[in-house]
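Here the structure is laid out as structure tokens; the discussion comes afterwards.
Just so it is clear, the structure is predicted and the values come from calculations on it, not from any experiment.
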Amino acid sequence: MRIRIVDAFTDRPFAGNPAGVLLLDAFPDDDRLQRVALEVNHSETAFAHRLPAGAEADWALRWFTPATEVAMCGHATLATAHVLHTTGAHEGPVRFATRSGVLTATPREDGTITLDFPTAPLTPVQTPAGVAEALGAEPRTVLDTGPNIGDLLVEVADEKTVRGLAPDLTALAAHSERGVIPTARAEDPARGYDYVSRCFFPNVGIDEDPVTGSAHTALAPFWSERLGRPDLTGLQASSRSGRVRTELRGGRTLLSGHAVTVIDGELLV
């Protein structure tokens with residue numbers, strides 16, 4: 001099996017979020033998929049195979065962390081679309097059949113790829129006891145992000161607070177299905193982004209995800225309401241860092257970014 005490592009939501013190598021991508025003839029058993037994802041050991045590895053003509057989508061797509069299969073992943077979808085287009089395996093918009101329904105990826109003239117994902121339903125909740133201590137910051141607002149994401153979205157005081165977080169991941173794991181997304185308004189929008197975030201996902205084997213497309217389906221409606229604009233740019237302030245352009249369209253959120261292939265090899269076993 002040919003395997004590629006693609007850095008997503010970045011236009012330069014060794015930044016953004018790396019994902020493994022394998023294009024297959026069919027999916028092998030789940031145990032093998034999970035073992036490959038553990039070996040790759042990035043936050044997600046994407047597995048895809050072509051669907052027959054007349055199917056609801058062009059390719060079937062699944063995502064695995066080193067620990068489990070997940071229902072939605074933005075950066076590995078972007079990485080898969082990038083591989084399909086750069087290798088000539090697919091031209092134009094591509095439809096993926098996934099556990100989150102049919103997701104579309106469209107290449108743009110500026111070299112970016114735009115993903116069409118369902119907008120996360122946001123529900124305000126009371127701050128769970130212990131979240132502030134586990135996160136290391138006092139929440140201003142806490143929202144549940146619904147079943148596809150499974151996170152708590154936590155607004156904190158400012159960008160400096162987001163960047164300085166060093167949470168207790170063991171304690172944080174008790175408070176959501178996947179993890180926690182701390183966020184704040186950008187200190188200086190002239191730097192080219194409107195809000196910052198980080199993503200801690202201890203429940204799926206990811207201490208901190210570098211750049212998380214799925215999280216932006218919750219961040220986009222949250223910040224669009226507060227900033228009064230449907231089109232925004234989010235900066236995920238991890239050590240690798242990356243930017244996600246978001247466009248809110250009601251029940252759908254468009255996520256746009258670049259991708260770069262950094263490794264192209266062969267899985268020998």
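- Side chains of Thr119 and Thr253: a donor on one and an acceptor on the other come within 3.5 Å.
- In this structure, the side chain of Thr86 engages the main chain of His82 through a donor-acceptor pair within 3.5 Å.
- At a threshold of 4.5 Å between non-hydrogen side-chain atoms, the residues Ser241 and Leu235 count as touching.
- For Pro18 against Gly16, the heavy-atom pair with the smallest separation is CD-O, 3.8 Å.
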Show your working on side-chain contact (heavy atoms from CB on, under 4.5 Å) between Ile181 and Leu152 and close with a plain yes or no. CA-CA 6 Å; Ile181 309 167; Leu152 285 181; over 6 Å; no
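- Among all heavy-atom pairs drawn from His175 and Ala129, the shortest one is CE1-O, 3.1 Å.
- Taking 4.5 Å as the limit, some side-chain heavy atom of Gln236 sits within range of a side-chain heavy atom of His216.
- No path of Ile, Leu, Val, Met, Phe, Trp and Tyr side chains, each step under 4.5 Å between heavy atoms, connects Val125 with Leu122, placing them in separate hydrophobic clusters.
- A continuous path of ILVMFWY side-chain contacts below 4.5 Å connects Leu23 to Leu103, so both sit in one hydrophobic cluster.
- Atoms CG and OG1, on Leu232 and Thr246 in that order, are 4.5 Å from each other to the nearest 0.5 Å.
- Side-chain polar atoms of Arg108 and Thr114 form a donor-acceptor pair below 3.5 angstrom.
- Annotation for Val142 and Pro139: closest pair CG2-CB, 3.7 Å, computed over non-hydrogen atoms.
- Atoms CG and CD, on Asp188 and Glu159 in that order, are 8.5 Å from each other to the nearest 0.5 Å.
- Residues Phe222 and Thr183 form a side-chain contact, since some pair of their non-hydrogen atoms from C-beta on lies under 4.5 Å apart.
- Salt bridge present: Asp264 and Arg2 bring a charged side-chain N and a carboxylate O closer than 4.0 Å.
- The pair Glu187-Lys160 does not count as a salt bridge, with every side-chain nitrogen at least 4.0 angstrom from each carboxylate oxygen.
- Here the side chain of Arg240 pairs no donor or acceptor atom with the backbone of Pro210 at under 3.5 angstrom.
- In terms of modelled atom types and a separation under 3.5 Å, the side chain of Ser100 and the main chain of Ala71 share a donor-acceptor contact.
- Hydrophobic clustering (ILVMFWY, side-chain heavy atoms < 4.5 Å, transitive): Val70 and Val211 are in one cluster.
- Side-chain contact check for Asp194 versus Leu227: some heavy-atom pair is nearer than 4.5 Å.
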For Met72 and Arg99, run side-chain contact (heavy atoms from CB on, under 4.5 Å): C-alpha distance rounded to whole Å, both residues' side-chain angles, the deciding distance at 0.1 Å, then the answer. CA-CA 7 Å; Met72 181 185 290; Arg99 288 174 58 179; over 6 Å; no
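- A donor-acceptor pair is defined here as one N or O able to donate and one able to accept, closer than 3.5 Å; no such pair exists between the side chain of Arg252 and the backbone of Leu248.
- Cluster partners of Leu33, by chain and number: Met1, Ile3, Ile5, Leu22, Leu24, Phe27, Val36, Val40, Phe47, Phe64, Val260, Val262, Ile263, Leu267. The rule joins Ile, Leu, Val, Met, Phe, Trp and Tyr whenever side-chain heavy atoms lie under 4.5 Å apart.
- In this structure, the side-chain contact (heavy atoms from CB on, under 4.5 Å) partners of Ala46, at least two apart in sequence or on a different chain, are Leu61, Trp63, Ala76, Thr80.
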Would you sort out whether Asp168 and Glu133 count as a side-chain contact (heavy atoms from CB on, under 4.5 Å), showing the intermediate values? CA-CA 8 Å; Asp168 179 339; Glu133 293 78 9; over 6 Å; no
For Arg245 and Asp110: C-alpha separation, side-chain torsions, deciding distance, then whether salt bridge (charged side-chain N to carboxylate O under 4.0 Å, His left out) applies. CA-CA 13 Å; Arg245 296 206 310 263; Asp110 63 358; 3.5 Å; yes
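- Of the possible polar contacts, none joining the Ser214 side chain to the Gly74 backbone as a donor-acceptor pair under 3.5 Å is found.
- The structure places CD1 of Ile113 at 5.0 Å from NE2 of His85, a figure rounded to the nearest 0.5 Å.
- In this structure, OG on Ser256 lies 9.0 Å from CG on Leu78, to the nearest 0.5 angstrom.
- Under the 4.5 Å side-chain criterion, counting only non-hydrogen atoms from C-beta, Arg140 is not in contact with Val156.
- Between Arg95 and Glu56 no salt bridge is recorded (no basic side-chain N to carboxylate O distance below 4.0 Å).
- Side-chain atoms of Asp151 never come within 3.5 Å of backbone atoms of Leu153 as a donor-acceptor pair (strictly under, hydrogens ignored).
- Residues Pro28 and Arg32 come closest through the heavy atom pair CB-CD, 4.1 Å.
- A donor-acceptor contact shorter than 3.5 Å is absent between the side chain of Glu138 and the backbone of Ala132.
- Salt bridge absent: Asp25 and Arg50 never bring a charged side-chain N and a carboxylate O closer than 4.0 Å.
- The pair Arg249-Glu247 meets the salt-bridge criterion, with a side-chain N (NZ, NE, NH1 or NH2) lying under 4.0 Å from an Asp/Glu carboxylate O.
- Among the candidates Thr77, Leu84, Thr104, the single residue satisfying the side chain to side chain contact (heavy atoms under 4.5 Å, CB included) test with Val94 is Leu84.
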Please tabulate, one pair per line, all N/O donor-acceptor pairs under 3.5 Å involving side-chain atoms of residues 196-209, not counting sequence neighbours.
{"unit_1": "Arg198", "atom_1": "NE", "unit_2": "Glu208", "atom_2": "OE2", "d": "2.8"}
{"unit_1": "Arg198", "atom_1": "NH1", "unit_2": "Val162", "atom_2": "O", "d": "3.0"}
{"unit_1": "Arg198", "atom_1": "NH1", "unit_2": "Arg163", "atom_2": "O", "d": "3.1"}
{"unit_1": "Arg198", "atom_1": "NH1", "unit_2": "Leu165", "atom_2": "O", "d": "2.9"}
{"unit_1": "Arg198", "atom_1": "NH2", "unit_2": "Glu208", "atom_2": "OE1", "d": "2.9"}
{"unit_1": "Arg198", "atom_1": "NH2", "unit_2": "Glu208", "atom_2": "OE2", "d": "3.4"}
{"unit_1": "Asn203", "atom_1": "ND2", "unit_2": "Ala173", "atom_2": "O", "d": "2.8"}
{"unit_1": "Asn203", "atom_1": "ND2", "unit_2": "Ser176", "atom_2": "O", "d": "2.6"}
{"unit_1": "Asn203", "atom_1": "ND2", "unit_2": "Glu177", "atom_2": "O", "d": "3.4"}
{"unit_1": "Asp209", "atom_1": "OD1", "unit_2": "Asn17", "atom_2": "ND2", "d": "3.0"}
{"unit_1": "Asp209", "atom_1": "OD1", "unit_2": "Ser43", "atom_2": "OG", "d": "2.8"}
{"unit_1": "Asp209", "atom_1": "OD2", "unit_2": "Asn17", "atom_2": "ND2", "d": "3.3"}
{"unit_1": "Asp209", "atom_1": "OD2", "unit_2": "Thr212", "atom_2": "OG1", "d": "2.6"}

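- Rounding to the nearest 0.5 Å gives a distance of 6.5 Å between CG of Leu255 and CZ of Phe117.
- Between the side chains of Asp7 and Thr10, no donor-acceptor pair is found at a separation under 3.5 Å.
- For the pair Glu225 and Trp223, the minimum side-chain heavy-atom distance is 4.5 Å or more.
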Run Phe9 and His258 through side-chain contact (heavy atoms from CB on, under 4.5 Å) and show every step you take. CA-CA 5 Å; Phe9 292 115; His258 290 86; over 6 Å; no
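- A 4.5 Å side-chain heavy-atom check between Pro167 and Val180 finds every atom pair outside the cut-off.
- Listed here is the closest heavy atom pair of Thr65 and Gln34: O-NE2, 2.8 Å.
- Between Arg35 atom CZ and Thr45 atom OG1 the span is 15.0 Å, to the nearest 0.5 Å.
- Within the 4.5 Å cutoff, no side-chain heavy atoms of Gln126 are placed close to those of Pro128.
- Across all non-hydrogen atoms, the minimal contact from Pro66 to Leu38 is O-CD1, 3.7 Å.
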If you apply the rule salt bridge (charged side-chain N to carboxylate O under 4.0 Å, His left out), what do you find for Glu155 with Arg185, and how did you get there? CA-CA 9 Å; Glu155 182 188 11; Arg185 188 181 302 223; over 6 Å; no
